[in-house]
2 protein chains.
Amino acid sequence: MAPATLKDVALRAGVHPGTASRALNPGTRALVNEQTARRVLEAAQALGYRPNPFARSLKTRNSYTVGVLIPDMTNPFFPPIVRGIEDRLAESGYTVFVGNTDNDPEREAAQLLRMRDRQVDGLIAATAELERHTLADAAAAGLPLVLVNRTLPGKGLFSVGVDDAAGVHLAVEHLVDLGHRHIAHVAGPERLSTGRNRYKGFVEAMEGAGLRPHPDVVVFADAFTEEAGVAAFRKLFATRRRITAVVAGNDLIALGGYDVLIERKLSCPQDVSIVGFNDMRFVDKVRPPLTTVRVPQYEIGRLAADILLERLRNPAAPPRTLRLAPELVVRGSTGPPPRRATR
Amino acid sequence: MAPATLKDVALRAGVHPGTASRALNPGTRALVNEQTARRVLEAAQALGYRPNPFARSLKTRNSYTVGVLIPDMTNPFFPPIVRGIEDRLAESGYTVFVGNTDNDPEREAAQLLRMRDRQVDGLIAATAELERHTLADAAAAGLPLVLVNRTLPGKGLFSVGVDDAAGVHLAVEHLVDLGHRHIAHVAGPERLSTGRNRYKGFVEAMEGAGLRPHPDVVVFADAFTEEAGVAAFRKLFATRRRITAVVAGNDLIALGGYDVLIERKLSCPQDVSIVGFNDMRFVDKVRPPLTTVRVPQYEIGRLAADILLERLRNPAAPPRTLRLAPELVVRGSTGPPPRRATR
DNA sequence: GTGCGCCCCGCAAACGTTTGCGAAGGATGG
DNA sequence: CCATCCTTCGCAAACGTTTGCGGGGCGCAC
């Protein structure tokens with residue numbers, strides 16, 4: 001049996017389809033007599049009427065869907081963000097399409113096209129790169145866009161994330177408090193706001209503590225991954241300079257660091273302390289449990305959705321950027337520096 | 001400037017919109033002259049024409065979308081499956097809606113309704129529970145459905161997963177080879193096919209090895225989570241019976257076991273060996289690295305998508321169920337049993 | 001009693017496709 | 001040379017909504 005259509009409920013309620021439409025939509029319900037509205041509602045209920053989203057979207061030109069672009073949902077950092085987005089948007093009747101870009105420009109462009117083809121009402125992206133303009137262009141072309149985690153400064157875009165520099169400050173202060181003076185940094189890629197801002201935060205914080213890190217003692221990883229972390233940590237430890245602690249660009253890089261420490265027969269935190277960034281799921285299970293800077297992933301997702309909804313309701317809404325305060329969570333990977341022992 | 005419509009390209013190509021439609025669709029292109037087809041294609045190209053999905057779906061009654069239901073995308077086991085699904089479906093022009101059910105019947109029903117409201121062409125679900133009929137009902141009502149990971153035996157449904165019993169066989173054989181004779185099982189919930197089949201596999205394998213596990217030595221966890229694992233492991237170790245190894249219902253339960261071992265000042269694998277199930281991401285990073293039964297998550301996703309596509313092309317296709325072979329990956333959490341030491 | 005305004009609702013167009021039907025025209029066979 | 005068929009394309013309906021427009025009816029004021 002074919003699903004009930006608007007005409008069916010109109011027929012059953014003894015009204016014109018147009019009237020039925022008005023009665024069914026909360027926004028226009030006031031235009032129809034209370035009695036008949038009730039009749040229509042009952043008819044709809046009785047027939048199990050569900051509006052056809054295509055007909056509706058065709059007419060109203062919006063789809064009640066939004067796209068979510070992330071590098072890779074297989075990276076445990078992102079799913080909580082996506083859930084935050086989904087949960088919030090579902091409350092307002094939206095559903096999301098998620099696309100993985102693998103940090104590849106072509107895939108990102110392809111996914112963006114997919115989203116446009118699907119006529120999403122808006123987009124939330126965690127894939128922004130500083131000198132890549134595809135997202136900014138889309139926003140400039142009128143696509144409601146909000147950035148999460150990574151930002152694109154100066155573009156007048158909506159965004160929500162954490163104060164990266166502040167987070168790194170927490171990390172180095174913690175290490176300094178423990179007595180460390182030889183602190184290194186394995187930064188994320190400079191082409192990402194997160195990589196760059198955490199790096200800047202690092203040098204600021206070190207200077208603030210009266211420490212002047214030698215250039216050899218900060219290296220940049222090619223990506224926010226374990227493999228890149230391994231490579232970068234290897235490079236870092238190739239230097240002859242003393243290192244008792246390192247703050248990593250994010251948790252995955254830190255985990256890569258774990259592997260390199262094992263390679264070098266160094267133990268953590270006895271020989272060198274490591275602190276990560278993000279507090280993604282499971283870094284408390286790893287050995288030693290990772291000291292890291294927590295970013296409230298789920299909440300960021302929810303807030304991003306909030307802002308997007310606001311923007312959708314009012315297209316003239318001025319760009320908002322939310323910078324949440326990170327929080328240090330200390331676990332087992334940090335401790336006092338060794339007393340001038342190895343290396 | 002409003003996006004180009006079919007009428008626009010027809011106008012530019014000097015043909016009727018109907019003809020343009022036929023020319024643009026590969027399936028009907030043969031119905032129009034090769035020359036004019038080319039003209040239409042060029043016009044479409046020039047105008048940057050993109051078909052309106054709503055108009056198309058309204059007419060053709062399919063949406064080129066499919067729903068994916070999982071318990072929780074925050075659980076690292078599922079994202080690779082979802083990516084497998086997405087990657088495969090994207091190749092055929094489909095995009096997916098994902099819904100999280102949190103293993104809650106009401107949420108599942110709600111998500112199912114959302115999917116139907118969105119008019120998905122099909123559904124892939126990882127949320128099947130043995131005595132819950134909502135998915136089976138939907139399938140019986142004509143919704144193309146394929147199950148992943150968990151099955152619903154006897155319902156004539158499409159499904160793809162791993163041979164759970166065989167996986168557990170590998171696990172206990174490995175332990176027996178190491179010399180273990182006192183092997184326990186912390187099973188998953190019996191209301192899930194995975195929980196039940198792995199449990200059955202356990203008793204079979206034990207019998208096959210000539211061992212008769214005491215009833216005290218198998219306990220059921222309430223869920224496939226760490227917390228439930230902790231509770232179940234505590235209960236397990238409350239017995240006075242000797243236990244030198246335990247096979248856990250899945251990796252998360254195994255991780256819960258890690259915590260309980262620490263509580264009891266037992267070390268793994270010196271005092272007790274643990275083997276997990278799934279080989280989800282990061283269980284190689286945990287300490288000790290978890291010996292576990294690998295299930296090819298990404299591949300399962302792709303295959304599920306394959307089967308669904310087949311079903312969509314041919315509605316009369318007979319139900320297929322794919323049982324992949326699991327594989328044991330041994331890491332650091334298993335070793336020979338202690339020589340009659342503690343407990 | 002007339003006129004005005006307001007509340008409700010019907011009418012029909014429109015959103016952008018797809019597709020069955022039929023016609024025009026050319027080719028082909030007898 | 002006529003009948004027939006095939007190819008190619010135009011025509012228009014249809015998919016299920018939303019929404020501007022207008023009209024009918026009623027109440028109220030004068």
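Below, chains carry the letters A, B, ... as their sequence lines are ordered, and counting in each starts from 1.
Listed pair B:R61 / D:dG16 meets the phosphate criterion, a side-chain N or O lying under 4.0 Å from OP1 or OP2. Residue B:N25 places at least one side-chain N or O closer than 4.0 Å to OP1 or OP2 of C:dT18. Remark: A:T19 is in phosphate contact with C:dG10, judged by side-chain N or O atoms under 4.0 Å from OP1 or OP2. For B:R56 and C:dT18, the shortest distance from a side-chain N or O to OP1 or OP2 is below 4.0 Å. Taking only side-chain nitrogens and oxygens, A:N33 never comes nearer than 4.0 Å to OP1 or OP2 of C:dC7. A close approach under 4.0 Å does not occur between any side-chain nitrogen or oxygen of B:T60 and OP1 or OP2 of D:dC15.
Closest non-hydrogen pair, B:A43 versus B:A13, comes out as CB-CB, 4.1 Å. Minimum heavy-atom separation, A:R39 to A:G14: NH2-O, 4.2 Å.
Note on B:S21: a base of the nucleic acid sits closer than 4.0 angstrom, heavy atoms only. Counting non-hydrogen atoms under 4.0 angstrom, A:T36 reaches the backbone sugars and phosphates but no base. Within 4.0 Å of B:T28, counting heavy atoms only, lies no atom of the nucleic acid at all. Using a 4.0 Å heavy-atom cutoff across all strands shown, B:R22 reaches at least one base atom of the nucleic acid.
Spacing between atom CD of A:E34 and atom C1' of C:dC7 amounts to 14 Å, rounded to whole angstrom units. Residue B:L6 contributes atom CG, which lies 7 Å from atom P of C:dT18 at whole-angstrom precision.
The side chain of B:V32 lies closest to D:dC9, out of D:dC9, C:dT18, D:dT18. Among C:dG10, C:dT17, D:dT18, the nucleotide with an atom closest to any side-chain atom of A:K59 is D:dT18.
DNA chain D is contacted by both A:G18 and A:P3; A:P3 maps to the nucleotide lying nearer its 5′ end (nearest heavy atom per residue). Taking the nucleotide of DNA chain C with the nearest heavy atom to each of A:L31 and B:H16, the more 5' of the two is matched to A:L31.
A:N75 contributes atom CG, which lies 8.5 Å from atom CD1 of A:I70 (distance to the nearest 0.5 angstrom).
Applying the side-chain hydrogen bond (donor to acceptor under 3.5 Å, both in side chains) test between B:T127 and each of B:R132, B:Q111, B:E108 identifies B:E108 as the sole match.
Within 6.0 Å of CD in B:E131 there are more than 12 heavy atoms belonging to other residues, nucleotides or ligands.
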